[in-house]
Novice: 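Have a look at the structure that comes next, please.
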Protein chains: 2
Amino acid sequence: MTKMPTPGAPPSPGHDGRPGRPVGLRDVARMAGVSTATVSRVLNTPERVSATLRERVAAASARLGWVPDGTARALATRRTGAVGAVFPTLSHGDFARAAEALQGELRSRGYTLLLACSHYDLAQEHLLVRQFVERGVDAVVLVGNAHDPQTIGLLDRLSVPYVKTFNYDPEWRHHCVGPDNRRAMHGLTRYLLRLGHRRFGVIAQSAHNNDRAAARLQGVRDALSEMGLSVRPQHLVEGRWTIAEGRALFRKIIEKKPWPTAVICGNAYLAVGAVLEATARGIALPGEMSIVGYDDVEIMQELPVPITTLRIRSDEVGRLAADYVVATLAGKQPSTELECEVEIMERSSSGPVPRASRRESVPRRAKGADAGRR
Amino acid sequence: MTKMPTPGAPPSPGHDGRPGRPVGLRDVARMAGVSTATVSRVLNTPERVSATLRERVAAASARLGWVPDGTARALATRRTGAVGAVFPTLSHGDFARAAEALQGELRSRGYTLLLACSHYDLAQEHLLVRQFVERGVDAVVLVGNAHDPQTIGLLDRLSVPYVKTFNYDPEWRHHCVGPDNRRAMHGLTRYLLRLGHRRFGVIAQSAHNNDRAAARLQGVRDALSEMGLSVRPQHLVEGRWTIAEGRALFRKIIEKKPWPTAVICGNAYLAVGAVLEATARGIALPGEMSIVGYDDVEIMQELPVPITTLRIRSDEVGRLAADYVVATLAGKQPSTELECEVEIMERSSSGPVPRASRRESVPRRAKGADAGRR
DNA sequence: TGATTATGTGAAACCGCTTACGTCGCCGTG
DNA sequence: CACGGCGACGTAAGCGGTTTCACATAATCA
């Protein structure tokens with residue numbers, strides 16, 4: 001025995017948990033009097049091991065308090081059982097819930113979630129994905145359809161499966177699960193059109209690096225243009241998605257008359273802000289104006305004026321995403337159900353276009369100027 | 001070329017990225033005409049490699065699009081650079097923000113976050129921690145001080161560093177970062193006492209497997225008992241932490257008079273619910289009653305009656321936790337700043353005890369019965 | 001009963017990267 | 001001019017599991 005630190009064959013056949021070296025599969029094997037292969041088998045394919053040995057190994061394993069080393073297994077298996085997800089942020093309840101559901105579903109299938117936030121920055125996202133890939137994730141979950149081409153390239157080159165979430169796009173069909181933002185907003189707009197509204201305001205989320213926001217806006221535009229309508233520039237405002245921002249943007253919209261009779265918000269918090277600002281100013285909802293949002297959060301139905309909005313089951317998105325990647329990893333065809341239902345939650349903040357939507361315009365012009373127009 | 005799938009020695013000294021085998025460090029080494037050790041060194045200790053080789057390796061690496069295999073590195077290094085965190089849920093904005101901050105801070109230090117939710121279930125938490133440990137996380141972040149002894153035992157036995165968050169307890173001093181729930185609530189209660197309130201209601205979060213909630217309640221009790229006061233049983237209610245629950249619990253409190261003059265809510269959403277219910281019933285805040293919460297969320301300051309509450313920088317908690325584990329992993333002494341500041345955000349939902357708090361009691365008894373008492 | 005086929009185990013070769021050592025070339029001294 | 005020292009690299013032994021393949025032994029069949 002020279003001065004070898006740890007090299008050479010592992011002598012010292014200590015048979016109990018010595019504090020020195022952590023216990024490994026080999027220690028278990030030795031204590032159970034079997035080969036390492038057998039120990040490995042009781043772990044992975046117990047049915048191929050005789051009951052006797054199985055128990056001997058289990059006992060030894062328990063006595064030694066052995067915790068299998070995942071990294072070693074991953075190296076040998078070429079699978080980590082980990083899935084990486086990059087969300088823009090978790091401050092948004094929607095993403096938080098989706099993340100939670102994603103994690104839960106993945107876990108129940110034996111996978112672990114690696115989570116990171118890109119803060120709506122595609123370069124950052126790329127770095128994170130790269131980090132995930134280096135860590136050996138089996139699959140990746142992304143939000144939205146807009147990504148750095150390099151990101152997708154990397155994933156493709158290494159053939160790492162991935163899903164894009166929160167913006168189902170029928171054009172691409174594959175690789176994406178979630179609500180169809182455009183179609184959802186299209187439907188909500190049509191709902192307002194059916195109520196007779198013709199003059200619309202839009203409080204949109206900034207579409208910078210946010211294809212979901214862009215798709216929503218497109219949905220509104222499409223629905224309107226089908227009726228030969230469009231949003232007046234001064235009635236289209238955009239910004240971040242806080243309540244305070246919603247208030248400020250709403251103020252901008254009503255800066256001067258004529259006001260829109262319906263204001264569509266691209267996000268729950270923006271809608272909450274708009275409604276709070278409107279009621280604070282004594283604007284009757286839906287008497288004088290209708291305000292609707294996208295996405296449902298609890299506060300929306302608890303406010304003095306409950307807010308009409310689209311309910312997106314964001315936890316469903318998380319589950320679908322988990323489903324998708326797990327199926328793909330198992331070599332199966334992912335469920336065909338990739339699009340996620342949305343539902344209009346009709347509440348008190350919206351209603352028929354005010355009959356008296358004529359008493360507008362700054363210098364009280366002729367009434368009914370463009371009320372029931374078209 | 002028989003039909004060998006991948007076995008045998010890797011002959012075929014192909015020098016370009018063949019679709020077959022993924023490129024590995026060896027391929028890079030071969031293309032750069034250096035040993036594997038050198039490639040590894042340019043990656044980990046570039047300063048110990050001559051500029052010439054460094055560049056040759058970099059070039060080869062880039063040309064091959066090599067992505068180092070983290071699992072292999074982890075196995076060799078005995079470090080994964082991953083930190084596991086178990087939160088009760090992410091639906092709670094606080095945890096979501098903390099998770100986000102934790103991830104951001106960890107990432108900037110080169111670590112990756114593994115995330116999971118326990119749903120306030122300690123058994124579940126133990127399983128998750130176990131899973132993390134098997135995955136080889138370098139450290140673990142937990143929420144609260146209450147945990148399955150086995151969980152802590154496992155961590156200790158494998159000497160995996162961990163922090164407990166969101167409930168700084170001066171008794172334990174170590175291993176925990178966050179606000180001191182008890183002390184914070186103690187302070188908030190004293191604030192109300194200073195305003196003259198003597199009859200308190202408490203809408204608490206269920207303390208089941210939630211030591212933070214328990215600590216908060218204790219804070220209220222301590223502050224009151226210091227004044228010889230206590231909460232009447234019928235004024236102490238508890239439940240989950242939704243807005244709707246807040247409303248319902250508030251209703252229970254005001255079921256019969258005398259009402260408390262101040263209601264302390266154990267959570268932001270409960271407070272929002274209480275305030276909405278109170279205003280809906282025409283109860284003047286703070287004219288007739290004061291309502292305060294714990295924890296600040298945006299909606300609280302945007303409601304018609306902005307709510308007084310404690311601001312906890314939950315992102316700070318995340319950062320502190322990251323700090324703690326990273327420092328510990330580096331063998332350094334964690335920052336001494338483990339406790340996280342809280343601040344009373346005084347808003348309109350609280351004020352001096354109503355002078356007329358005498359017009360209470362069901363059968364309109366003698367006024368001032370116990371108003372300024374003591 | 002001997003040949004054949006399941007079935008259960010063990011020996012040993014990896015998985016892809018890190019790193020302790022050893023080697024080699026070059027420079028500075030005595 | 002030979003020798004010790006030093007730095008840059010290469011060699012090869014792991015890290016802790018998995019898995020292929022060979023090999024017994026037991027069960028099955030002619």
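Every chain is numbered from 1 and lettered A, B, ... according to where its sequence line falls, protein lines coming before strand lines.
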Novice: To the nearest Å, give me how far apart CG (A/Asp69) and P (D/dG16) are.
Specialist: 7 Å
Novice: Round to the nearest Å and state the distance from B/Arg30 atom CZ to C/dC17 atom P.
Specialist: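 Those two atoms, CZ and P, are 12 Å apart.
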Novice: Between atom CG in B/Leu25 and atom C1' in D/dC15, what is the gap in whole Å?
Specialist: 15 Å
Novice: Check A/Asp315 with A/Arg319, please: is the shortest side-chain N to carboxylate O separation under 4.0 Å?
Specialist: yes
Novice: Would you mind reading off the distance between A/Leu43 atom CG and D/dG16 atom P, rounded to a whole angstrom?
Specialist: 16 Å
Novice: For B/Glu134 and D/dG16, give me the distance from atom CD to atom C1', rounded to whole Å.
Specialist: 13 Å
Novice: Could I get the full list of side chain to side chain contact (heavy atoms under 4.5 Å, CB included) partners for B/Leu329, not counting sequence neighbours?
Specialist: B/Arg79, B/Tyr111, B/Asp138, B/Ala139, B/Pro161
Novice: Between C/dG16 atom P and B/Asn44 atom CG, what is the distance in whole Å?
Specialist: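 One finds 18 Å between P of C/dG16 and CG of B/Asn44, rounded.
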Novice: Consider side-chain contact (heavy atoms from CB on, under 4.5 Å). Of B/Val137, B/Val86, B/Ile152, which one does B/Val129 pass it with?
Specialist: B/Val86
Novice: Starting from the first five and the last five pairs of the helix from C/dT1-D/dA30 to C/dG30-D/dC1, work out the angle between the resulting helix axes, to 10 degrees.
Specialist: 50°
Novice: Would you classify B/Ser40 as touching base, sugar-phosphate or nothing, given that sugar-phosphate means primed atoms plus P, OP1 and OP2, and contacts are heavy atoms under 4.0 Å?
Specialist: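 Answer is base: heavy atoms of B/Ser40 come under 4.0 Å of a base.
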Novice: Charged N to carboxylate O under 4.0 angstrom, A/Asp27 versus A/Arg63?
Specialist: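 Between A/Arg63 and A/Asp27 there is no salt bridge, as every charged N stays at least 4.0 Å from the carboxylate O atoms.
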Novice: Within this structure, what is the CG-to-P distance between B/Leu75 and C/dT19, rounded to whole angstrom?
Specialist: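 From B/Leu75 CG to C/dT19 P: 12 Å.
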Novice: By nearest heavy atom, map B/Ala72 and A/Arg73 onto DNA chain D; which one lands nearer the 5' end?
Specialist: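 Checking each residue's closest nucleotide, the 5'-ward one belongs to B/Ala72.
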Novice: Any side-chain N or O of A/Trp66 less than 4.0 Å from the OP1 or OP2 oxygen of D/dG16?
Specialist: no
Novice: At less than 3.5 Å, do the side-chain atoms of A/Arg26 and the base atoms of D/dG17 form a donor-acceptor pair?
Specialist: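 Such a pair is found, so the answer is yes.
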Novice: What's touching nucleotides 8-10 of chain D from the protein side, N or O pairs under 3.5 Å?
Specialist:
{"from": "D/dC9", "atom 1": "OP1", "to": "B/Ser50", "atom 2": "OG", "distance (Å)": "2.4"}
{"from": "D/dC9", "atom 1": "OP2", "to": "B/Ser50", "atom 2": "N", "distance (Å)": "2.7"}
{"from": "D/dC9", "atom 1": "OP2", "to": "B/Ser50", "atom 2": "OG", "distance (Å)": "3.3"}
{"from": "D/dG10", "atom 1": "OP2", "to": "B/Ser35", "atom 2": "N", "distance (Å)": "3.0"}
{"from": "D/dG10", "atom 1": "OP2", "to": "B/Ser35", "atom 2": "OG", "distance (Å)": "3.0"}
{"from": "D/dG10", "atom 1": "OP2", "to": "B/Thr38", "atom 2": "OG1", "distance (Å)": "2.4"}
{"from": "D/dG10", "atom 1": "N7", "to": "B/Arg41", "atom 2": "NH2", "distance (Å)": "2.9"}
{"from": "D/dG10", "atom 1": "O6", "to": "B/Arg41", "atom 2": "NH1", "distance (Å)": "3.3"}

Novice: Using atom CZ of B/Arg135 as one end and atom P of D/dG16 as the other, report the distance to the nearest whole Å.
Specialist: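 That distance rounds to 18 Å.
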Novice: What residues, two or more places apart in sequence or in another chain, satisfy side chain to side chain contact (heavy atoms under 4.5 Å, CB included) together with B/Leu320?
Specialist: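 B/Val177, B/Glu316, B/Cys340.
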Novice: If we count only N and O atoms by modelled type, under 3.5 Å, do the side chains of A/Glu125 and A/Thr151 hold a donor and an acceptor together?
Specialist: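 No, no side-chain donor-acceptor pair sits under 3.5 Å.
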Novice: Return no unless some side-chain N or O of B/Arg78 is found under 4.0 Å from OP1 or OP2 of D/dG16.
Specialist: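 So the side chain of B/Arg78 is within the cut-off, an N or O lying under 4.0 Å from OP1 or OP2 of D/dG16.
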Novice: Tell me, please, which residues at least two apart from B/Arg48 pass side-chain hydrogen bond (donor to acceptor under 3.5 Å, both in side chains).
Specialist: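 Result, side-chain hydrogen bond (donor to acceptor under 3.5 Å, both in side chains) vs B/Arg48: none returned.
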Novice: Any side-chain heavy atom of A/Gln124 sitting closer than 4.5 Å to one from A/His119?
Specialist: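 The answer is no; the side chains never approach within 4.5 Å.
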Novice: Using the side chain to side chain contact (heavy atoms under 4.5 Å, CB included) criterion, which residues pair with A/Thr36? Sequence neighbours excluded.
Specialist: A/Leu25, A/Arg26, A/Ala29
